[in-house]
Number of protein chains: 2
Amino acid sequence: MIRVAHRMNDDAINKQRKVVTLRDVSAAAGLGMSTVSRVLRNHGSFSQATRARVMKAVEELGYVPNRIAGSLASSGSNLVGIVIPSLHNIVFPDLLSGAAVALTPLGLQTVISVTDYDVAQEQKVIESIMAWRPAAFLVAGLEHSERTRALLKNSGVRVAELLDTDGEGIDIVVGFSQREAGMACARHLVERGYRRIGYVGPHFSFDPRARKRFDGFSSILAEAGMAPIETELIDGISSTEVGRGALERLLARNPGLDAVYFSNDDFAVGGLFHCYAEGISVPSQLAIMGYNGLDIGRFAPQPLTTLRTPRAEIGEIGARLVMESRGPQVVNLPFELLEGETT
Amino acid sequence: MIRVAHRMNDDAINKQRKVVTLRDVSAAAGLGMSTVSRVLRNHGSFSQATRARVMKAVEELGYVPNRIAGSLASSGSNLVGIVIPSLHNIVFPDLLSGAAVALTPLGLQTVISVTDYDVAQEQKVIESIMAWRPAAFLVAGLEHSERTRALLKNSGVRVAELLDTDGEGIDIVVGFSQREAGMACARHLVERGYRRIGYVGPHFSFDPRARKRFDGFSSILAEAGMAPIETELIDGISSTEVGRGALERLLARNPGLDAVYFSNDDFAVGGLFHCYAEGISVPSQLAIMGYNGLDIGRFAPQPLTTLRTPRAEIGEIGARLVMESRGPQVVNLPFELLEGETT
DNA sequence: CACGGATTTGGCAGCGCTGCCAAATACTCC
DNA sequence: GGAGTATTTGGCAGCGCTGCCAAATCCGTG
């Protein structure tokens with residue numbers, strides 16, 4: 001008998017140690033489960049005395065609510081799926097920061113996946129996030145596989161596609177025209193009188209937004225009757241080192257260039273450093289233009305001419321709109337050409 | 001009668017349009033739910049013919065599995081909670097990238113939250129991630145509220161604390177000694193003969209790791225019988241601009257400094273740029289030392305002397321260990337002093 | 001002090017899936 | 001050809017919570 005009693009006691013202890021559920025809390029508080037649930041969600045009505053009893057029991061038992069069960073019962077989660085191509089380009093952490101500003105106060109959690117600029121991988125991660133029935137999706141860009149588009153469209157969750165407005169969106173689109181951004185950069189260089197222009201950026205198969213900017217850029221040069229741009233395309237991630245090497249190779253092949261447009265300020269600063277190292281005078285011998293308006297470029301010895309992109313705002317507005325649940329819409333945010341001393 | 005039949009038909013259609021469940025798939029395939037579940041999870045045994053029937057039904061109905069229900073039934077999610085203080089310091093995106101390398105192949109999703117260097121906020125986000133019963137936690141640093149530590153310890157989930165090994169961990173710890181890192185930087189400057197050293201970094205209340213480095217740094221100077229270091233403490237995020245301004249202020253107050261130690265390469269590069277702008281010769285008039293081994297510093301006109309930190313490796317190893325579910329352990333990774341031309 | 005309405009509380013079904021076990025079917029060997 | 005084993009399949013309970021509705025309690029009034 002005694003041993004049995006001991007065993008039961010042990011079991012009870014183990015049970016408690018294992019997982020504390022709403023039922024345990026309600027038993028401890030001497031209340032019904034629904035009452036406890038109401039108190040914990042601060043939803044519906046209950047007396048202050050009840051609230052206190054619940055909180056006391058929660059505290060004593062160390063109860064942690066189970067949102068998996070809660071979400072199943074109420075068919076709705078507080079998860080927001082975010083899908084970006086990379087973390088190595090500052091644009092995307094900035095986007096995430098902006099989104100966090102809007103989502104955190106609403107008590108939403110972010111499930112974040114990285115695709116490495118691969119639409120197949122994008123499809124895979126969106127499918128697996130979808131299995132968590134997120135409240136909304138934020139995805140970078142407008143280019144997806146057919147299946148991904150269908151999945152997002154038919155799922156019923158709100159989707160915001162961010163950064164780029166050149167194309168057909170699924171639901172909400174927040175960004176700016178990448179093509180226009182490229183055109184603005186080209187106009188600037190053309191106006192300043194540069195005529196033999198080179199380009200350093202990622203391979204086009206890689207980043208569709210860089211390609212759109214390049215196309216826009218090229219179209220302005222063509223309009224001005226200028227020769228097609230010389231390009232140095234890069235595989236790896238955006239960095240100072242790579243930009244420096246890329247400019248060196250580009251100049252070796254095309255000694256007569258008078259300006260180079262870089263698809264990112266990281267690259268551009270690398271290019272600028274190359275010029276300093278080689279004694280190439282900027283901008284008189286070679287003009288350097290960047291893209292993104294990174295701090296590092298703005299406060300270089302010669303401030304870099306670049307184009308400030310509103311990436312944090314895009315993240316924030318995208319997150320806000322996707323939760324406010326209105327109809328589909330396109331929001332175009334302004335970019336700003338920052339004239340530095342390198343062009 | 002006809003109207004009733006119509007209504008039922010409508011209902012059936014609505015039902016199907018609304019949410020396709022495992023039950024719908026099993027009905028369409030003419031199989032039991034458990035069989036379909038087994039096929040979809042590729043778990044247990046079934047014939048190839050069965051597999052094909054299931055896949056066909058899944059395709060036709062556009063079934064998306066519900067991991068909320070699955071996780072509730074099997075009491076275990078494929079979510080990994082990641083908690084970092086900020087996204088504005090490159091260290092943390094790098095950490096996330098490293099973690100993704102280890103987690104993605106295992107089919108794990110990341111729930112990421114940012115604390116803004118606030119232990120209360122950290123507690124809040126860890127509590128709410130815990131409600132999703134994550135498979136594991138990755139958190140930056142060892143400094144938490146008492147409650148957070150208790151929650152993590154008692155929850156039974158594996159926890160890896162990343163970046164810092166100076167202190168008591170909860171479970172797995174992966175990083176390096178921040179104190180030692182600071183000491184290594186100080187030794188380098190002392191060896192080179194610098195004697196009046198300044199420091200630029202974030203407010204100490206802010207970032208406990210920066211404080212530990214600073215303490216290690218100071219201890220070496222004290223050992224060498226040198227005067228206490230002059231400091232310029234900063235509120236905002238790490239950036240070139242801020243570093244530039246901070247150095248200016250620091251030098252205005254302390255004209256005799258012969259070296260400045262920056263808590264981040266962003267700051268340090270800003271400082272370097274300030275020197276260039278003011279015609280201060282580096283390192284003969286003023287030595288500049290950074291921290292983190294960022295690309296931007298390595299490929300500046302004068303390569304920055306800095307200390308390379310293995311942050312992506314920390315993320316990757318932390319993620320790997322936390323999933324391999326062995327006992328508590330501390331992994332110390334090496335940092336590397338990179339001698340540039342600025343000291 | 002009984003009465004009607006407002007407030008507070010409890011019971012129970014069910015969200016969609018998985019784990020367990022038993023049943024059905026296929027296959028092997030003598 | 002039938003017992004014995006291996007493979008494949010189905011049924012059902014239950015994971016922990018919420019939504020709905022009914023029951024209980026409280027309160028001010030006539």
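Proteins come first, then strands; the chains are lettered A, B, ... in the order of their sequence lines, and each starts at number 1.
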Nearest-Å distance, [atom1] ([X]) to [atom2] ([N])?
{"X": "B/Arg51", "N": "D/dT8", "atom1": "CZ", "atom2": "C1'", "value": "15 Å"}
{"X": "B/Met33", "N": "D/dC15", "atom1": "CE", "atom2": "C1'", "value": "14 Å"}
{"X": "A/Ile68", "N": "C/dC15", "atom1": "CD1", "atom2": "P", "value": "19 Å"}
{"X": "A/Phe46", "N": "D/dT18", "atom1": "CZ", "atom2": "P", "value": "13 Å"}
{"X": "B/Asn66", "N": "D/dC15", "atom1": "CG", "atom2": "P", "value": "18 Å"}
{"X": "A/Arg23", "N": "C/dC12", "atom1": "CZ", "atom2": "P", "value": "11 Å"}
{"X": "A/Asn78", "N": "D/dC17", "atom1": "CG", "atom2": "C1'", "value": "14 Å"}
{"X": "A/Leu40", "N": "D/dG16", "atom1": "CG", "atom2": "P", "value": "16 Å"}

Nearest to side-chain heavy atoms of [X], which nucleotide of [options]:
{"X": "A/Tyr63", "options": "D/dC15, D/dC17, D/dG10", "value": "D/dC17"}
{"X": "B/Ser74", "options": "C/dG16, D/dG10, C/dT18", "value": "C/dT18"}
{"X": "A/Ser45", "options": "C/dT8, D/dC17, C/dT18", "value": "C/dT8"}
{"X": "A/Ser47", "options": "D/dG19, C/dG14, C/dT9", "value": "C/dT9"}
{"X": "B/Ser37", "options": "D/dT18, D/dG19, C/dT18", "value": "C/dT18"}
{"X": "B/Leu72", "options": "C/dC15, D/dG10, D/dC15", "value": "D/dC15"}

Between A/Arg147 and A/Glu127, does at least one N-O distance fall below 4.0 Å, as a salt bridge requires?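 Yes.
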Cationic N near anionic O, under 4.0 Å, B/Arg320 to B/Glu316: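 Here B/Arg320 pairs with B/Glu316 in a salt bridge, since their nearest N and O are under 4.0 Å apart.
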Does a side-chain N or O from [X] land closer than 4.0 Å to OP1 or OP2 of [N], or not?
{"X": "A/Ser34", "N": "C/dT9", "value": "no"}
{"X": "B/Arg41", "N": "C/dC17", "value": "no"}
{"X": "B/Thr35", "N": "D/dT8", "value": "no"}

With nearest nucleotide decided by heavy atoms, which residue, A/Arg67 or B/Thr50, maps closer to the 5′ end of DNA chain D?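 Mapping each residue to its closest nucleotide by heavy atoms, the 5'-most match is B/Thr50.
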If you find the nucleotide of DNA chain D closest to B/Arg53 and the one closest to A/Ser71, which residue's nucleotide is nearer the 5' end?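 First, find each residue's nearest nucleotide; the 5'-ward one identifies B/Arg53.
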For a quick check, tell me whether the side chain of A/Ser75 and the base of C/dG16 share a donor-acceptor pair closer than 3.5 Å.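 When only heavy-atom distances are counted, A/Ser75 does not reach the base of C/dG16 through any donor-acceptor pair under 3.5 Å.
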If we ignore hydrogens and angles and just use 3.5 Å, is the side chain of B/Asn66 paired with the main-chain N or O of A/Arg133 as donor and acceptor?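 It does not hold such a pair.
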For nucleotides 21-25 of chain D, which of its nitrogen or oxygen atoms have a protein nitrogen or oxygen under 3.5 Å away, and what is each distance?
none

Do the side-chain N and O atoms of A/Thr50 and A/Ser47 include a donor-acceptor pair separated by under 3.5 angstrom?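 A donor-acceptor contact under 3.5 Å links the two side chains.
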Using the side chain to side chain contact (heavy atoms under 4.5 Å, CB included) rule, pick out the option among A/Ile172, A/Leu162, A/Val174 that qualifies with A/Val331.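 It is A/Val174, the one option of A/Ile172, A/Leu162, A/Val174 that forms the side chain to side chain contact (heavy atoms under 4.5 Å, CB included) with A/Val331.
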Five-pair end axes of the helix from C/dC1-D/dG30 to C/dC30-D/dG1, angle between them (10°):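 The two end axes of the helix from C/dC1-D/dG30 to C/dC30-D/dG1 meet at 30°.
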